[in-house]
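Just so you know, these numbers use all the heavy atoms, side chains as well, and skip hydrogens, waters and symmetry mates. Owing to the predicted nature of the structure, the values given are computational and were not obtained by experimental measurement.
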Amino acid sequence: MEHADDISAAEPADISFDAVEIAGLVVPLLFAIMTIVLVALAPDSAGTASEDLKTASERVELIEQIQKR
């Protein structure tokens with residue numbers, strides 16, 4: 001224990017990122033955020049399809065009624 005004062009913790013080396021490494025971390029993160037936003041803003045395809053079918057059937061009924069006159 002007489003050499004306990006000579007022991008010191010290892011100091012970590014300074015880490016510096018270059019532009020390529022930073023871009024490699026930031027660009028996928030931006031794509032993920034854009035994907036989440038676009039999916040959140042996209043209209044619900046199931047909802048629009050059912051509305052289109054209703055309007056199409058209504059149109060057919062209106063056309064048939066007009067043709068009967």
Side-chain angles (χ1 to χ4, degrees):
M1 292 299 293
E2 57 193 47
H3 297 290
D5 294 335
D6 297 334
I7 299 173
S8 62
E11 295 182 17
D14 291 336
I15 299 174
S16 62
F17 293 107
D18 61 350
V20 175
E21 290 173 330
I22 293 173
L25 296 172
V26 172
V27 170
L29 181 64
L30 291 176
F31 277 117
I33 291 170
M34 288 190 308
T35 302
I36 292 169
V37 169
L38 289 176
V39 168
L41 294 177
D44 186 19
S45 61
T48 57
S50 62
E51 291 176 7
D52 290 341
L53 291 176
K54 290 178 184 176
T55 58
S57 62
E58 290 174 356
R59 288 179 187 164
V60 170
E61 290 176 5
L62 290 174
I63 292 172
E64 289 175 353
Q65 290 174 358
I66 292 171
Q67 290 175 349
K68 287 179 182 179
R69 293 181 191 170

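For L30, the side-chain contact (heavy atoms from CB on, under 4.5 Å) partners at least two apart in sequence or on another chain are V26.
The two atoms that bring P28 and A23 nearest to each other are CD-O, 3.9 Å, heavy atoms only.
Through side-chain heavy atoms spaced under 4.5 Å, either directly or across other Ile, Leu, Val, Met, Phe, Trp or Tyr residues, M34 is tied to V27, F31.
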